[in-house]
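Quick notes on the structure that follows.
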Amino acid sequence: MTTFSLDPGPDQIAVRDWLHGFAADVIRPAAAEWDEREETPWPIIQEAAKLGIYSLDFYAQQFFDPSGVGIPIAMEELFWGDAGIGLAITGTTLAAVAVLANGTDEQIGTWAPQMFGTPEDVKVAAFCSSEPDAGSDVSALRTRAVYDQAKDEWVINGTKTWATNGGIAHVHVVVATVDPELGSRGQASFIVPPGTPGLSQGQKFKKHGIRASHTAEVVLDGVRVPGHCLLGGKEKLDARLARAREGTRGGGKNAAMATFEASRPAVGAQAIGIARAAYEVALDYAKTRVQFGKPIIENQGVAFQLADMKTRIDAARLLVWRASWMAVNNQPFTSAEGSMSKLYAGETAKFVTAQAMQILGGNGFTREYPVERMHRDSAIYTVFEGTSEIQRLVIARAISGAPIR
Ligand SMILES: Cc1cc2nc3c(=O)[nH]c(=O)nc-3n(C[C@H](O)[C@H](O)[C@H](O)COP(=O)(O)OP(=O)(O)OC[C@H]3O[C@@H](n4cnc5c(N)ncnc54)[C@H](O)[C@@H]3O)c2cc1C
């Protein structure tokens, strides 16, 4: 009897093929247009919703898939289609994961479905952690949440930045500090329900890549949310704060970090989708482009580049699948394997897309071919969800136990 397999089962293969069809037929043909428009591709999100690809049920099914590879397979296929549209379709899941990781069953049941809306009336959600002075250093968050006991409400003030879907979201999840002296241990996550006064969109960013995905500042000016919008509930927060004040370890899980931990391999899988797409374009091109009387792939110099690209893509996928398998089997991430997978996949996407541009020569530099867009899109994968340097920091600390800074 074999106890080890890297073969996705029939369920995973069926999902992969279904999503690949959607990515090839709907996403890829629309990619250049939405990249130029720099707008959220609502019609495509709607189409995905009608097919059940943009829905809580679909992501929950993949999230709880016992093989662990449901989410990575889904992400890779959608982002193979296009990363900007892929993020427009999947950006909501970052907020949904925050609720799944930190919320009570009741909060999950109330808010997660609202984040997606319905196929007739699709909605998106936003996870707002980063701030102008708190990017990699999440402990420096200044957005403040103060409890108003008389009204059982939280009052939130601050400015968030870089929020995917920020300001256009139906539901925003906001990370704020309730006790600044405790750093990241004094933070909590809050739901800001639709239409709450005081929340507004600030600047919408014009970006280098993933331009179909909306990224903006979110301003919170005297935002009041009911007590039940504190994810996890007040009792749990008070107990956690008391432990932090006593300096006791354990249970002091940082709200933003918990979300990032759960989502890193999935983000790595997105990067793999981009890399695979660029590799395939480059491989086809190298087989058909003739110079010096032969296809350029017959030069070792070109063929070896493609060999390295494919090897790195497969290695990155193995790291992502391992981390996802570990997560579903509750294996401890003793060497920060989730961070490893995101680090390697992100760096691979940048490497592979740059090589693909080189193989396409002048054509690679134009918008007639998709690889320059893929290269622009890949650049975010060494930045968001923790930069490559921060992933290395996390891995280095995990493997050494040393207080590396
Ligand atoms: C398109 C886009 C979408 C995003 N979506 C979201 C979102 O939905 N929600 C959200 O909350 N945030 C989001 N972010 C924010 C993203 O997570 C941050 O940009 C990222 O964490 C880096 O923070 P920063 O930009 O402030 O860079 P900084 O933290 O200022 O880093 C600048 C440079 O310094 C390096 N550096 C910093 N500290 C160290 C150190 N200790 N050791 C070595 N090097 C270091 C970094 O690696 C980086 O190279 C998004 C960002 C972008 C660009």
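Just so it is clear, the model here is predicted, and its values are computed rather than measured.
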Indicate, with yes or no, if the rings of F205 and W162 have centres closer together than 6.0 Å. yes
Taking H214 for the side chain and G166 for the main chain, is one N or O donor matched with an acceptor at less than 3.5 Å?
-> yes
* Answer yes or no: is there a donor N or O on one side and an acceptor on the other, between the side chain of R317 and the main chain of A269, under 3.5 Å? => no
With a 4.0 Å cut-off, would you call E76 and R16 a salt bridge?
-> no
Q.
One thing to verify: whether E385 and K342 come together as a salt bridge, which I'm taking to mean a side-chain N less than 4.0 angstrom from a carboxylate O.
A. no
- Between E38 and K207, is the closest basic N to carboxylate O distance under 4.0 Å? no
* Take atom CG in D25; do more than 12 heavy atoms of anything else shown fall under 6.0 Å from it? -> yes
### Query
Hey, does S67 have a side-chain heavy atom less than 4.5 Å from the side chain of W325?
no
Requested in this report: Report yes or no: is the cationic atom of R144 (NZ for Lys, CZ for Arg) under 6.0 Å from the centre of the six-membered ring of W154, at an angle within 45° of the ring normal?
Outcome: no
Exercise. With the side chain counted from C-beta on, respond yes when F190 and L231 share a heavy-atom pair under 4.5 Å apart, and no when they do not.
Key: no
Can you give the donor-acceptor pairs under 3.5 Å from side chains of residues 81-96 to other protein atoms, not counting sequence neighbours?
residue: D82; atom: OD1; partner: R373; partner atom: NE; Å: 3.1
residue: D82; atom: OD2; partner: G84; partner atom: N; Å: 3.2
residue: D82; atom: OD2; partner: I85; partner atom: N; Å: 2.9
residue: T90; atom: OG1; partner: G86; partner atom: O; Å: 2.8
residue: T92; atom: OG1; partner: Y54; partner atom: OH; Å: 2.8
residue: T92; atom: OG1; partner: A125; partner atom: N; Å: 3.1
residue: T93; atom: OG1; partner: T90; partner atom: O; Å: 2.5

Would a 4.5 Å heavy-atom cut-off, applied to side chains only, mark T40 and V124 as touching?
no
_Using ring-ring contact (aromatic ring centres under 6.0 Å, His included), reason through W18 and F58 one step at a time and then give a plain yes or no._
CA-CA 12 Å; W18 176 48; F58 173 70; 5.7 Å; yes
Is there a donor-acceptor contact under 3.5 Å linking the side chains of Q12 and D65?
yes
Got L343 and I395 here, is their nearest side-chain heavy-atom distance under 4.5 Å? yes
* Asked: Charged N to carboxylate O under 4.0 angstrom, R245 versus D179?
  -> yes
Using the ring of each side chain (for Trp, its six-membered ring), is Y381 parallel, tilted or perpendicular to F79, with breaks at 30° and 60°?
perpendicular
*asked:* Are more than 12 heavy atoms, taken from residues, nucleotides or ligands other than Q203, located less than 6.0 Å from that residue's CD atom?
replied: yes
* When you measure from the side chain of S335 to the backbone N and O of E337, does any donor-acceptor pair fall under 3.5 Å? -> no
Do the side chains of K234 and D238 get close enough for a salt bridge, i.e. N-O under 4.0 angstrom? yes
**Report entry** Whether Q107 side chain and H228 backbone form a donor-acceptor pair below 3.5 Å
**Finding:** yes
Note to self: When you compare the side chains of E131 and T143, does any donor N or O come within less than 3.5 Å of an acceptor on the partner?
What the structure shows: yes
Please check if the side chain of K310 supplies one atom and the backbone of Y279 the other of a donor-acceptor pair under 3.5 Å. no
Mark yes or no for whether N299, through its side chain, and G301, through its backbone, hold a donor-acceptor pair below 3.5 Å.
no
Note to self: Could you check whether atom CD of Q358 has more than 12 heavy atoms from other residues, nucleotides or ligands sitting under 6.0 Å from it?
What the structure shows: no
What one should report as the nearest heavy-atom pair of R224 and K151 is NH1-CD, 3.8 Å
Under the 3.5 angstrom rule, does the side chain of Q114 hit a backbone N or O of K123 as a donor-acceptor pair?
no
The single option from T348, D314, V352, L283 that satisfies side chain to side chain contact (heavy atoms under 4.5 Å, CB included) with M309 is V352
